[in-house]
Amino acid sequence: MHRRFIVPSALAATLLLAIPAAASPGTVGAPGIGDPYYPASGNGGYDVSHYDLRLKYRPTTDLLEGTATILATTTQELSRFNLDFGLDVSEVRVNGRKARFATSGDHELEVTPAAPLTKGKDVSVVVRYAGKPSELKINGWTAWARTPDGGVAAQEPESAVWWYPSNDHPLDKATYDVSVSVPDGTQAISNGVLQSQSSRLGWTRFNWRSDKPQATYLTTLAIGRFDITTDRTADGLPVLNAYSKDLGPNAGAARASIERTTEVAEWLTGVFGPYPFNALGGYVPNVTSGFALETQTRPFYSPKQFAGGANVSVVVHELAHQWYGDSVSVDGWKDIWINEGFARYSQWLWSEREGEGTAQELADYTYAQHPADDPFWKVKPGDPGPDDQFDIAVYDRGALTLQALRNEVGDVTFFRLLKGWPAEHAYGNANVGDFVRYAERVSGKPLAALFDTWLYQPSRPALPAAADAGVAEGALSARTAARVERPASWQKIAATNTVHDHGDEAGRGQAGHDHR
């Protein structure tokens, strides 16, 4: 769900340029990483390699206490740098020495080391803090959801600010150790593999490790009382699924969907190549939201995703993101099509696999639902703008783009493209232009015009029909559109459209992200 921290772009630009007069030119890390959609997200001057989070949480009061150790390397000389964080900080140390700190804006923690840092220096930053995440509101909302027995951190494009200090942008990915102490009888779920669990004096500590580069918004924490199932894949990967004990009438449908995670992941390896991480699973906490999110190795699902019964399509969507979005992450948030268009298309491929409608049939039907004057065609998936970043067009028009590509290059080349991209950019970042150039190189065809038509032109393109699709090229009339048969999978896929409704429980009401 997608919310911006800084609202007016002019104000954001002003903040980014506002460097105190006392600072030496070129030695203050920028308070933003440079993303035009979210100017205050991330920070400049350093790259993080690892986060070690040691936390204690009291569900009854929502009090979170933490010590974050951040390992980074400076990319410039630094007399001061920023972290993105919103809770109360009591102490900061840089390379073991106490550092001065102050806050600015909605979520900027400004750190001044005891001595300036040289470029290319390995740095450790320790931040001690405490606070109630649900009471931290930025632009009127919070990414921390309280539940009847705990709390959950899961949101997009930002969620880290509410529970740990970070360089909060997908460009700066890192590995994680997350250690959480909670009252006995309560569990703490996070990303990766559960390394250990121990109890002492009424508290249980859970130690999680995510050992591949991970974006901050893909890091999650869920605390509560869960029913947990565990298994291993045929390749030996640990599988852990968790369900709140009080999911009510949605419990059965949720389990019937999430328990097929291993099956779906095995199928996706045939589409996208080897699974990129060290663990697999999903979790369904008792939250009132309606979205799902591809939190790395362990996607988050709202119970409402299963209000209409089991829906494996949403599992397909979130697991597809493990390759497209998690392993290969966006360079900037304008590149969201590389995440969402491919995840939606994976749902079309699953439909094809299940015999409930081919991807071409779903493309025909999707196209037919949007006449030429529909605002759907005004959204440009290749650069939709921050207000439309999670618009349905990014998903569906994004998937139509891939069907047009498939028809242009043929199945053999198309599926080679789908496997080659996450292998070529594993654990890194890429943008839409990178994909266009990659597709042209692998296919040997000029494809820039195709991508421009489908991703950037604010008008309805000619239908990407295959030769035997039974639907003429060009704009469909309303009468013709009504005759396009609806694929059997359409209802289940459409039910996941709220994947992007990342509005918070306080009624932000803004369509967010996927996670459809």
Side-chain angles (χ1 to χ4, degrees), residues 1 3-6 31-32 38 40-43 48 51-70 72 80-94 98-112 124-147 150-169 172 174 176-183 186 188 190-191 203 205-206 208 215-224 295 504-506:
M1 23 178 308
R3 302 285 291 193
R4 295 183 304 286
F5 281 151
I6 300 299
Y38 304 97
S41 292
N43 304 284
V48 178
Y51 292 93
D52 183 275
L53 309 178
R54 190 168 182 85
L55 311 173
K56 185 175 185 178
Y57 182 73
R58 294 174 172 82
T60 55
T61 62
D62 194 42
L63 178 63
L64 177 70
E65 300 169 272
T67 299
T69 301
I70 302 167
R80 197 187 78 206
F81 61 90
N82 283 22
L83 293 166
D84 297 304
F85 194 49
L87 297 183
D88 293 333
V89 173
S90 58
E91 182 180 74
V92 179
R93 289 180 178 266
V94 178
K98 280 192 174 182
R100 299 197 311 273
F101 62 92
T103 59
S104 64
D106 287 324
H107 61 91
E108 298 290 340
L109 177 65
E110 300 176 351
V111 179
T112 303
S124 66
V125 182
V126 177
V127 182
R128 298 182 186 276
Y129 58 93
K132 297 183 178 182
S134 65
E135 294 182 0
L136 172 62
K137 300 294 176 68
I138 298 177
N139 286 343
W141 73 288
T142 175
W144 181 274
R146 290 204 72 181
T147 62
V152 177
Q155 263 294 357
E156 181 184 21
E158 303 100 350
S159 65
V161 165
W162 281 265
W163 62 291
Y164 69 97
S166 70
N167 194 13
D168 197 8
H169 190 278
D172 197 358
Y176 284 79
D177 282 307
V178 179
S179 176
V180 190
S181 183
V182 294
T186 302
S190 190
N191 309 79
W203 292 81
R205 182 166 289 280
F206 297 82
W208 294 89
T216 46
Y217 84 95
L218 297 173
T219 308
T220 192
L221 178 63
I223 296 166
T295 40
D504 71 326
E505 284 76 3

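Note: E110 CD to F85 CZ = 15.0 Å, rounded to the nearest 0.5 Å. Taking OG of S166 as the reference point, atom CG of L53 lies at 9.5 Å (rounded to 0.5 Å). Here the straight-line distance linking atom OG1 of T69 with atom CZ of R93 works out to 11.5 Å at 0.5 Å rounding. In this structure, D62 CG and T147 OG1 are separated by 9.5 Å, a value rounded to the nearest 0.5 Å. Atom CG of D88 and atom CG of L109 lie 11.0 Å apart (nearest 0.5 Å). In this structure, CZ on R54 lies 11.0 Å from CG on D177, to the nearest 0.5 angstrom.
Looking only at distances, no side-chain donor or acceptor of W144 sits under 3.5 Å from a matching main-chain atom of G151. With hydrogens and angles ignored, the 3.5 Å screen pairs a side-chain donor or acceptor of T220 with a backbone N or O of A153. Side-chain N or O atoms of D106 include none that pairs as donor or acceptor with a backbone N or O of I138 at under 3.5 Å. Side-chain atoms of R58 do not come within 3.5 Å of backbone N or O of P183 as any donor-acceptor pair.
Annotation: side chain of V111 is not in contact with side chain of V127 (no heavy-atom distance under 4.5 Å). The side-chain heavy atoms of S179 and F206, taken from C-beta on, include no pair separated by under 4.5 Å. With contacts defined as side-chain heavy-atom distances shorter than 4.5 Å, the pair L55/W163 qualifies. With contacts defined as side-chain heavy-atom distances shorter than 4.5 Å, the pair Y164/T219 qualifies. Side chains of V180 and S190 form no contact here, defined as non-hydrogen atoms less than 4.5 Å apart.
Between P165 and L83, the shortest heavy-atom distance links the atoms CB-CD1, 4.1 Å. The two residues E108 and P31 have their closest heavy-atom pair at OE2-O, 3.0 Å. Here the shortest heavy-atom pairing between L87 and A130 reads CB-O, 3.8 Å. Of all heavy-atom pairs spanning L136 and W162, the tightest one is O-NE1, 2.8 Å. Shown here for A143 and E158, the closest heavy-atom pair between the two residues is CB-O, 3.8 Å. Taking each heavy atom of G224 and T186 in turn, the nearest pair found is O-CG2, 3.3 Å.
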(Q) Between T216 and N167, is the side-chain contact (heavy atoms from CB on, under 4.5 Å) condition met? List the steps. (A) CA-CA 8 Å; T216 46; N167 194 13; 5.9 Å; no

Q.
Between F81 and N43, is the side-chain contact (heavy atoms from CB on, under 4.5 Å) condition met? List the steps.
A. CA-CA 8 Å; F81 61 90; N43 304 284; over 6 Å; no

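The only option from N82, D84, D168 that meets the side-chain hydrogen bond (donor to acceptor under 3.5 Å, both in side chains) definition with H107 turns out to be D84.
Within a 6.0 Å radius of CZ in R205, more than 12 heavy atoms belonging to other residues, nucleotides or ligands are found.
Using a 30° and 60° split on the angle between ring planes, Y51 and Y176 fall in the parallel class, below 30°.
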